[in-house]
Student: 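Let me begin by handing over the structure; questions about it come next.
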There are 2 protein chains.
Amino acid sequence: MKERTLENTDADCRETLIAFATPLFAEKGFNGVSVREIAGYASVNVSMISYYFGGKEGLYAAVLNEQFGVLKRVAEIRTMEIDPLKKFELYVRATVARYRRNPYLLRFYTSELTNPTPCFVTIVKPAIQGVVKILQETFADGLSHHQFREGLDPTDTALALAGMINFYFLLEPATGELVDHSPERDEELIQHIMDIFTRGVLK
Amino acid sequence: MKERTLENTDADCRETLIAFATPLFAEKGFNGVSVREIAGYASVNVSMISYYFGGKEGLYAAVLNEQFGVLKRVAEIRTMEIDPLKKFELYVRATVARYRRNPYLLRFYTSELTNPTPCFVTIVKPAIQGVVKILQETFADGLSHHQFREGLDPTDTALALAGMINFYFLLEPATGELVDHSPERDEELIQHIMDIFTRGVLK
DNA sequence: TAGTGTTAAACAAACGTTTGAACAAGGATC
DNA sequence: GATCCTTGTTCAAACGTTTGTTTAACACTA
């Protein structure tokens with residue numbers, strides 16, 4: 001039996017594998033990494049992957065589950081009793097914070113969108129649809145209160161807002177030298193996007 | 001020597017390989033497809049890939065070169081003598097048309113952004129930077145003519161517009177049931193995005 | 001004959017997974 | 001307290017496939 005100190009100093013094999021597999025899967029994609037590479041970085045025997053996760057796909061699924069778990073918190077916006085516009089701002093702020101806190105999430109996000117694995121249907125797609133539905137709903141709410149201009153489609157508008165903020169982070173590898181992507185500028189970016197969006201949709 | 005009819009009915013090995021490799025690379029990623037799979041679909045011997053392209057990477061580079069070649073035409077907007085806002089609309093329309101005409105471009109686009117191959121630096125990054133620069137420049141032009149509100153950062157605004165239109169297509173695999181992505185709705189989408197953007201940036 | 005295109009077969013290397021032995025710890029039995 | 005057995009964990013080694021690439025022979029044209 002493995003001992004478990006209070007500080008959790010013992011290298012818990014399961015969690016070590018997830019920790020080392022995450023950046024590797026994120027940067028090279030599922031097929032770009034070998035189980036030996038992961039095990040090597042984690043200083044763990046290769047067979048541990050099959051032992052704990054039933055195989056490479058199982059480890060990948062575990063990584064993705066951990067990554068997309070944070071997206072469920074977007075649902076908290078739904079129940080809040082605040083202005084729809086404030087909800088959108090909250091979403092934008094939460095998105096920025098999410099990407100800063102977890103630099104690999106967006107990679108899994110887009111990697112699964114473009115080259116889906118079996119995990120796409122079970123993990124990624126439901127997570128994305130959840131977010132889109134909330135944004136749609138929020139805009140429809142504002143529309144019914146005559147807060148936004150009529151004629152605007154809730155879906156198009158929701159995707160437009162999500163696109164502005166997500167695309168900024170997605171393009172970072174290509175525009176790193178052209179654009180200042182430092183976290184210090186995040187606040188400016190958020191206000192910028194909310195500024196354009198607000199003027200764009202308000203009555 | 002291979003014979004070459006006027007109708008080009010003979011299966012030109014080089015172009016056949018590119019034609020069959022394109023959807024495969026796009027849907028599964030560089031590491032998700034094997035050379036045997038490509039050769040099988042193309043009904044061509046495996047060794048032809050090394051013979052014509054020097055290897056798998058060479059074939060992939062040829063595919064990417066063909067795909068990203070169309071992005072160079074964005075530069076045509078630069079020289080036009082029209083309103084900056086009209087230039088933005090032209091960019092949005094051209095982008096939609098580009099994705100409709102070539103359903104694989106966006107996949108290579110984002111696949112290279114998230115899991116870059118050696119082609120990213122040589123092909124993808126320059127192409128993306130070229131587009132971003134033109135959008136930046138266009139907005140700065142409008143700013144200097146006091147057409148747009150002051151205080152708006154040209155880069156953030158350019159990326160915001162690009163994000164709105166690109167993200168819509170990127171999310172299609174996940175929101176297919178939630179959103180109508182049919183080409184018939186393209187015109188509505190374009191006007192929608194331009195509507196939000198125009199009101200968002202205009203003085 | 002020389003040169004180009006195409007083929008099936010073979011190449012070493014890497015792939016994900018499985019194996020069986022070894023090990024350490026906890027509880028039960030004497 | 002010493003012994004045994006069970007259970008969970010780890011290991012090096014080997015498994016059979018598949019990987020990308022190369023080879024040598026062949027067909028055809030100029």
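The analysis underlying the following values was restricted to heavy atoms, covering all of them including side chains, and did not include hydrogens, waters or symmetry mates. Order of the sequence lines sets the chain letters (A, B, ...), proteins ahead of strands, with each chain counted from 1.
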Student: Within this structure, what is the CG-to-P distance between B:Leu17 and D:dT21, rounded to whole angstrom?
Tutor: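 Roughly 13 Å, once rounded to whole Å.
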Student: Residues two or more places apart in sequence or in another chain: which of them pass salt bridge (charged side-chain N to carboxylate O under 4.0 Å, His left out) with A:Arg73?
Tutor: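 Expected list: A:Glu76.
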Student: Taking side chain to side chain donor-acceptor pair (under 3.5 Å) as the test, write out the residues that go with B:Glu177, two or more places apart.
Tutor: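 Applying side chain to side chain donor-acceptor pair (under 3.5 Å) to B:Glu177 gives A:Lys125, A:Gln129.
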Student: One character per nucleotide, please: for nucleotides 8-18 of chain C, 5' to 3', B when the base has a protein heavy atom closer than 4.0 Å, S when only the sugar-phosphate does, - otherwise.
Tutor: B-B----BBBB
Student: Can you measure B:Met48 atom CE to D:dC26 atom C1' for me and round it to whole angstrom units?
Tutor: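 Distance check: B:Met48 CE to D:dC26 C1' gives 12 Å.
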Student: Rounded to whole angstrom units, what separation is found between the CZ atom of A:Phe53 and the C1' atom of D:dT10?
Tutor: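 After rounding, the gap between these two atoms is 15 Å.
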Student: Quick one: side-chain contact (heavy atoms from CB on, under 4.5 Å) partners of A:Asp195, sequence neighbours excluded?
Tutor: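 A:Arg199, B:Arg149, B:Leu152.
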Student: Could you list the residues that satisfy side-chain contact (heavy atoms from CB on, under 4.5 Å) with B:Leu143, not counting sequence neighbours?
Tutor: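 Partners of B:Leu143 under the side-chain contact (heavy atoms from CB on, under 4.5 Å) test: B:Phe139, B:Phe148, B:Pro154.
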Student: Between B:Tyr99 and B:Asn166, is the side-chain hydrogen bond (donor to acceptor under 3.5 Å, both in side chains) condition met? List the steps.
Tutor: CA-CA 9 Å; B:Tyr99 289 151; B:Asn166 281 282; 2.4 Å; yes
Student: Partners of B:Gln67 by side chain to side chain donor-acceptor pair (under 3.5 Å), sequence neighbours excluded?
Tutor: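 With neighbours one apart ignored, the set is B:Asn102.
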Student: Write down the distance between CG (B:Leu59) and C1' (D:dG20), rounded to a whole number of angstrom.
Tutor: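 In whole Å, D:dG20 C1' and B:Leu59 CG are 12 Å from each other.
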